[in-house]
Amino acid sequence: LELIIRQAETLPMAHFYTGLCYLYLEDGEKAIFHLQEVVSSESPYYQQGLWYLSLAYFQADQIRSSKETLEKITSYKQKEVQELLNILNN
């Protein structure tokens, strides 16, 4: 995926899946970079990108950014968003 990103036009899908890989490898900083690329443009991955970006911020101990990102989600994993916001606000 990194090779695709370097060689081709930047594709939100490539950034999305690269960000997920880094998130699951617990490399929050690299996950944040790629997921920010997803949410900085209008893409079909925007809402999902916000969710996973909030998790990457949480993983990187950037709690305020995690909450702010969660608050932007309007149509994806609403139950999980509310549960995580409740945890972060307490």
Side-chain angles (χ1 to χ4, degrees):
L1 290 171
E2 291 278 3
L3 183 61
I4 291 170
I5 291 168
R6 283 193 303 269
Q7 289 184 348
E9 181 180 318
T10 304
L11 304 170
M13 179 179 63
H15 280 293
F16 180 75
Y17 287 111
T18 303
L20 288 183
C21 290
Y22 283 122
L23 181 65
Y24 289 109
L25 290 172
E26 297 184 6
D27 188 336
E29 294 301 320
K30 287 184 180 177
I32 289 167
F33 170 79
H34 288 283
L35 293 166
Q36 283 176 332
E37 291 292 318
V38 173
V39 302
S40 69
S41 64
E42 292 295 321
S43 81
Y45 300 95
Y46 180 75
Q47 289 288 306
Q48 295 92 329
L50 288 172
W51 169 252
Y52 291 107
L53 178 59
S54 72
L55 297 180
Y57 281 134
F58 182 77
Q59 188 177 77
D61 205 27
Q62 297 180 31
I63 305 305
R64 183 176 182 194
S65 294
S66 181
K67 286 195 283 189
E68 289 172 355
T69 304
L70 285 168
E71 291 169 351
K72 295 178 185 176
I73 299 172
T74 59
S75 63
Y76 186 75
K77 291 191 177 264
Q78 288 299 293
K79 181 180 176 191
E80 292 88 344
V81 167
Q82 280 309 128
E83 289 173 357
L84 188 51
L85 278 172
N86 289 338
I87 290 168
L88 295 176
N89 286 325
N90 290 325

Self-check item: Listed partners of Q82 passing side-chain hydrogen bond (donor to acceptor under 3.5 Å, both in side chains), at least two apart
Solution: none
Quiz item: Under the side-chain hydrogen bond (donor to acceptor under 3.5 Å, both in side chains) test, which residues partner E71, sequence neighbours left out?
Solution: none
Quiz item: According to the interplanar angle, ranging from 0 to 90°, do the rings of F16 and Y52 count as parallel (below 30°), tilted (30 to 60°) or perpendicular (above 60°)?
Solution: perpendicular
Are [X] and [Y] side-chain neighbours, meaning at least one heavy-atom pair lies under 4.5 Å?
X   : Y   : answer
Y46 : V38 : no
L70 : L88 : yes
T74 : L50 : no
I32 : Q62 : yes

Quiz item: F33 and Y24: same hydrophobic cluster, using ILVMFWY side-chain contacts below 4.5 Å?
Solution: no
Exercise. Kindly compute the distance separating CD1 (I73) from CD (Q48), expressed to the nearest 0.5 Å.
Key: 9.5 Å
Exercise. Working to the nearest 0.5 Å, report the span between CD of Q36 and OH of Y57.
Key: 4.0 Å
Heavy-atom donor-acceptor pair, [X] side chain to [Y] backbone, under 3.5 Å:
X   : Y   : value
S41 : S43 : no
E29 : A60 : no
T69 : S65 : yes

Practice problem: Give a yes or no on whether a salt bridge exists between E68 and K72, defined as a side-chain N under 4.0 angstrom from a carboxylate O. | Solution: no
Closest heavy-atom contact between [X] and [Y]?
X   : Y   : result
Y22 : Q59 : O-OE1, 4.4 Å
Y76 : V81 : O-CG2, 3.6 Å
S54 : S66 : O-OG, 2.9 Å

Practice problem: State whether the number of non-hydrogen atoms from other residues, nucleotides or ligands found under 6.0 Å of Q78 atom CD is greater than 12. | Solution: yes
Quiz item: Is there a side chain to side chain contact (heavy atoms under 4.5 Å, CB included) between L35 and L55 once you walk through the steps?
Solution: CA-CA 10 Å; L35 293 166; L55 297 180; over 6 Å; no
